[in-house]
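One structure is given below, encoded as structure tokens.
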Amino acid sequence: LRLNTLVSLTAFFANKVEHESRHCNGKGFQRQGSSSFDRVYTANQNCGHAYPTFLAVLWCAGLLCSQAPAAFAGLMYLFVRQKYFVGYLGERTQSTPGYLFGKRIILFLFLMSVAGILNYYLIFFFGSDFEIHIKTITSAISPLLLIP
């Protein structure tokens, strides 16, 4: 489900770039002076560059910590990147909330991964398992991601 959503979101971004490209004057890919095309193209590139990091921390958080909060954060991240992309088409300041929200979600997923790794080492060295506590905390904190 997440991969299909990611693919459809990427296809949407690429479609917007193609649409703006067709409506700009000129025949080549490099179009000088087309601010709408430049914004769409830059937003698409920014989103494309962020996906490998997102997929890595999403996978690690789901594998090492808890799947449900990681999946929720992943869906929220895809929604936020859509908001970022659409905001980037308007004024540049409209994309800032989506960007900051996305950074917060990536940080949450990263901290989930670190908590899972620390729990593994606590089990390995001391025999203490805090997995239930970590899952409870991440499940309680994940709805807080909805707060802008």
Side-chain angles (χ1 to χ4, degrees), residues 1-121 130-148:
L1 175 68
R2 284 181 270 171
L3 185 59
N4 290 338
T5 307
L6 183 64
V7 168
S8 62
L9 200 57
T10 304
F12 169 75
F13 294 159
N15 187 27
K16 290 296 274 186
V17 171
E18 181 182 355
H19 175 65
E20 287 298 324
S21 174
R22 287 183 183 168
H23 290 351
C24 293
N25 295 332
K27 294 185 179 188
F29 186 69
Q30 297 289 336
R31 289 172 175 79
Q32 300 299 326
S34 172
S35 64
S36 63
F37 175 75
D38 291 340
R39 284 195 311 261
V40 170
Y41 183 75
T42 303
N44 184 41
Q45 290 300 311
N46 290 347
C47 290
H49 292 153
Y51 283 136
T53 304
F54 162 67
L55 291 175
V57 294
L58 177 67
W59 182 76
C60 289
L63 182 67
L64 300 173
C65 191
S66 181
Q67 292 179 1
F72 176 73
L75 289 174
M76 287 299 303
Y77 183 78
L78 293 176
F79 172 74
V80 165
R81 284 317 267 193
Q82 171 71 18
K83 182 177 178 178
Y84 168 79
F85 186 83
V86 171
Y88 211 93
L89 299 180
E91 297 290 323
R92 290 192 188 262
T93 57
Q94 292 176 343
S95 66
T96 305
Y99 174 74
L100 295 175
F101 203 20
K103 279 180 51 177
R104 187 170 55 177
I105 292 171
I106 292 292
L107 177 66
F108 174 72
L109 291 170
F110 176 74
L111 291 176
M112 282 181 63
S113 301
V114 169
I117 292 169
L118 288 176
N119 187 51
Y120 172 78
Y121 282 113
F130 292 100
E131 182 178 3
I132 295 171
H133 302 294
I134 292 172
K135 285 184 178 184
T136 303
I137 291 170
T138 57
S139 296
I141 291 175
S142 63
L144 296 177
L145 292 174
L146 294 173
I147 299 172

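The structure displayed is predicted, hence computed values, not measured ones.
The side-chain contact (heavy atoms from CB on, under 4.5 Å) search around S113 returns C60, A61, not counting sequence neighbours. By the ring pair (Phe, Tyr, Trp, His ring centres under 6.0 Å) test, Y84 pairs with Y88, sequence neighbours left out.
Between the side chain of S142 and the backbone N or O of S139 there is at least one donor-acceptor pair closer than 3.5 Å.
Atoms CG and CH2, from L64 and W59 in turn, are 7.0 Å apart once rounded to the nearest 0.5 Å. For the atom pair OH of Y99 and NZ of K83, the computed distance is 15.5 Å after rounding to the nearest 0.5 Å. Note that the CG atom of L107 and the CE atom of M112 stand 12.0 Å from one another [nearest 0.5 Å]. The CG atom of L100 sits 11.5 Å away from the CD1 atom of I105 when rounded to the nearest 0.5 Å. We find the OG1-CZ distance between T53 and F110 to be 11.5 Å, quoted to the nearest 0.5 Å.
Each of N119, I137, T136 was evaluated against F130; a single residue qualifies, N119, per the side chain to side chain contact (heavy atoms under 4.5 Å, CB included) test.
Looking only at side-chain heavy atoms (C-beta outward), C65 and I134 come within less than 4.5 Å of each other.
Closest heavy-atom contact between S66 and T138: CB-OG1, 4.0 Å. Contact between F108 and P69 at its shortest, heavy atoms only, is CE2-O, 4.2 Å.
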Applying side chain to side chain contact (heavy atoms under 4.5 Å, CB included), run through F54 and L78 and close with a yes or a no. CA-CA 10 Å; F54 162 67; L78 293 176; 4.1 Å; yes
